[in-house]
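In what follows, chains are A, B, ... by sequence order, proteins preceding strands, each numbered from 1. The figures here come from the full heavy-atom set of this structure, side chains too, leaving out hydrogens, waters and symmetry mates. This structure is a prediction, so every number in the text was calculated from the model and none was measured.
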2 protein chains.
Amino acid sequence: MTLDLSVDRSSPVPLYFQLSQQLEAAIEHGALTPGSLLGNEIELAARLGLSRPTVRQAIQSLVDKGLLVRRRGVGTQVVHSKVRRPLELSSLYDDLEAAGQRPATKVLVNTVVPAAAEIAAALGVAEDSEVHRIERLRLTHGEPMAYLCNYLPPGLVDLDTGQLEATGLYRLMRAAGITLHSARQTIGARAATDGEAERLGEDPGAPLLTMERTTFDDTGRAVEFGTHTYRPSRYSFEFQLLVRS
Amino acid sequence: MTLDLSVDRSSPVPLYFQLSQQLEAAIEHGALTPGSLLGNEIELAARLGLSRPTVRQAIQSLVDKGLLVRRRGVGTQVVHSKVRRPLELSSLYDDLEAAGQRPATKVLVNTVVPAAAEIAAALGVAEDSEVHRIERLRLTHGEPMAYLCNYLPPGLVDLDTGQLEATGLYRLMRAAGITLHSARQTIGARAATDGEAERLGEDPGAPLLTMERTTFDDTGRAVEFGTHTYRPSRYSFEFQLLVRS
DNA sequence: TCAATGCGTATGTCCGGACAATCGAACTAC
DNA sequence: GTAGTTCGATTGTCCGGACATACGCATTGA
């Protein structure tokens, strides 16, 4: 069966984007079965009344997502494996919400403190200058799941405790006009201290999953530094990687 | 100072790639300082004797890498933050080698076993069909750092114990003509069992960092499944993320 | 003084075409 | 029958141009 594709030239949505979305939907929906050829670009362009560069741009975006593979002299085919999340920079809150977990947040601390050396270095501010400090407990199904401690440079976001409990930190930052660009992460493990064990409902010495992250906006400014600890029985990092070729 | 750029039209290397490499080198080297504008595409194309699409392709590849940011009506500027590793699908061996650690590998088991249910499901083969099983101990500075257990479908790679001790598994697979495409990973933590503690030189119940991974080639075939455990005092996952926009 | 408007500039999108490089298969010669 | 060759198909690279869109800034107006 030939795929039912069409584009709307009166729409403000770019043509290549319309096409790539339709192709992605067709793959998701099963209309394009894994391993099948996509048909050559020239003919596809002619069929849709588009130019080849436009069609190529649409296909390329799906190749970058890992859904398609191009082979010179052969064609473009659909990759078998179901790519779920190519590991984007996401907030724990969004992740849980997407998984249908209905997360709850309890703000333990929301204050301004002088920056310790490590914090100042990560955020690129002067030592002992004032930074925001937020401590939160994230719960699912009424049980604590993670303890989140974050630091932010002053003046970037208005950190309202009520909003922090209703949504994620990243969403607040984006709403404040910050363009998130990249983040440097370290994931490790260690034994719980007495205080951590108490907060998370674990025993002292129990294994904890830890994550440390510094986030940058598109000007290269550090906009957030956080140290998180997770209960490994209730959370693990799961993601999909693509080879960069 | 105007940047010293040039392309070699007689080279088989694509022009856009030559340009992107020179730009990347200039950024790395500091000739292009963070935050500086790159100059408009039209003029850059004219200066190099290239067309604008070619210049755009070069710039776009660096934008995808997170080194540049485009702003319509403004220009293209260099991002401040130093992007190190955009989290590619890499082997532990290569990572350690790149860090100058000189890793050592001890192959504990290299055999063929019937696939248990979990393994068969991950690799997409029939239960109890034969699969390769490899158990390795990775050491740095003479100390154990990770215990790696991997399963591979039969007939893909010739698993020579000597080669396994001299290099990483991924390198062997690539050498065997396998095109690695994507991998699904889960990172977590748990307490060490008695056997694990013994192998890694930790105490029973000590926190361990765990990673489970299934790797696929570009036809969507699962080509490897592995469960790894790391000593958190000696290893943690460190990487850089980019927002997909 | 401050807000609204207009303009220049740069990137975003799209077109139509050309030639090269590579893969797979059919074909041919031994 | 097998190995080497040719050839068609398809993607890779590159060109030159056109118009749309958004941002920053200067100008203008209230």
For this session: Please list, chain by chain and in numerical order, all residues satisfying side chain to side chain donor-acceptor pair (under 3.5 Å) with B:D64, sequence neighbours excluded.
Result: B:Q60

Problem set entry | Pairing residues for A:E135 by the salt bridge (charged side-chain N to carboxylate O under 4.0 Å, His left out) criterion, not counting sequence neighbours | A:R133

For this session: Quickly work out the A:Y16 OH to C:dG12 P distance and round it to whole Å.
Result: 9 Å

Problem set entry | Counterpart residues, side chain to side chain contact (heavy atoms under 4.5 Å, CB included), relative to B:P154 (two or more places apart) | none

Problem set entry | Interatomic distance, A:L19 CG vs C:dT13 C1' [rounded to whole Å] | 14 Å

Exercise. So, is B:T76 near the phosphate of C:dT11, with a side-chain N or O under 4.0 Å from OP1 or OP2?
Worked result: yes

Problem set entry | Between P of C:dG12 and CG of B:N40, the distance in whole Å | 12 Å

Exercise. Does DNA chain D take part in any stems of at least 3 consecutive Watson-Crick or G-U pairs (both distances under 3.5 Å), and if so, which ones?
Worked result: C:1-30 with D:1-30

Exercise. Can you pull the side-chain hydrogen bond (donor to acceptor under 3.5 Å, both in side chains) pairs that have at least one residue in residues 155-164 of chain A, sequence neighbours excluded?
Worked result: A:N110-A:T161

For this session: Could you state the atom-to-atom distance from CD1 of A:I42 to P of C:dC19 in whole Å?
Result: 14 Å

Exercise. Of all residues at least two apart in sequence or in a different chain, which pass the salt bridge (charged side-chain N to carboxylate O under 4.0 Å, His left out) check with B:R71?
Worked result: A:D218

Problem set entry | Residues in salt bridge (charged side-chain N to carboxylate O under 4.0 Å, His left out) contact with B:E41, at least two apart in sequence or another chain | B:R52, B:R56, B:R70

Exercise. Closer than 4.0 Å, any side-chain N/O of B:R70 to the OP1 or OP2 of C:dA10?
Worked result: no

Exercise. What pairs of residues pass the salt bridge (Lys or Arg N to Asp or Glu O under 4.0 Å) test when at least one of them lies in residues 111-126 of chain B, not counting sequence neighbours?
Worked result: none

Seminar exercise, completed: Contacts of A:R9 and A:R52 projected onto DNA chain C by closest heavy atom; the upstream (5') one is A:R9

For this session: With sequence neighbours left out, write down each residue that passes side chain to side chain contact (heavy atoms under 4.5 Å, CB included) with B:S61, or none if nothing qualifies.
Result: B:S20

Exercise. Is A:P53 touching bases, backbone alone, or none of the nucleic acid, heavy atoms closer than 4.0 Å?
Worked result: base

Problem set entry | For chain B, the stretch of DNA chain D it reaches, first to last nucleotide, under 4.0 Å of its heavy atoms | D:dT13 to D:dG24

Seminar exercise, completed: Rounding to 0.5 Å, atoms CD (A:E224) and CG (A:L172) come to a distance of 12.0 Å

Kindly give the atom pairs (protein nitrogen or oxygen, nucleotide nitrogen or oxygen) under 3.5 Å for nucleotides 21-25 of chain C.
from	atom 1	to	atom 2	distance (Å)
C:dA21	O4'	A:R72	NH1	2.9
C:dC23	O4'	A:R72	O	3.2

For this session: Tell me yes or no: between the side chains of A:R136 and A:T105, is some donor less than 3.5 Å from an acceptor?
Result: no

For this session: Apply side chain to side chain donor-acceptor pair (under 3.5 Å) to B:T54 and list each qualifying residue two or more places apart in sequence or on a separate chain.
Result: B:S51

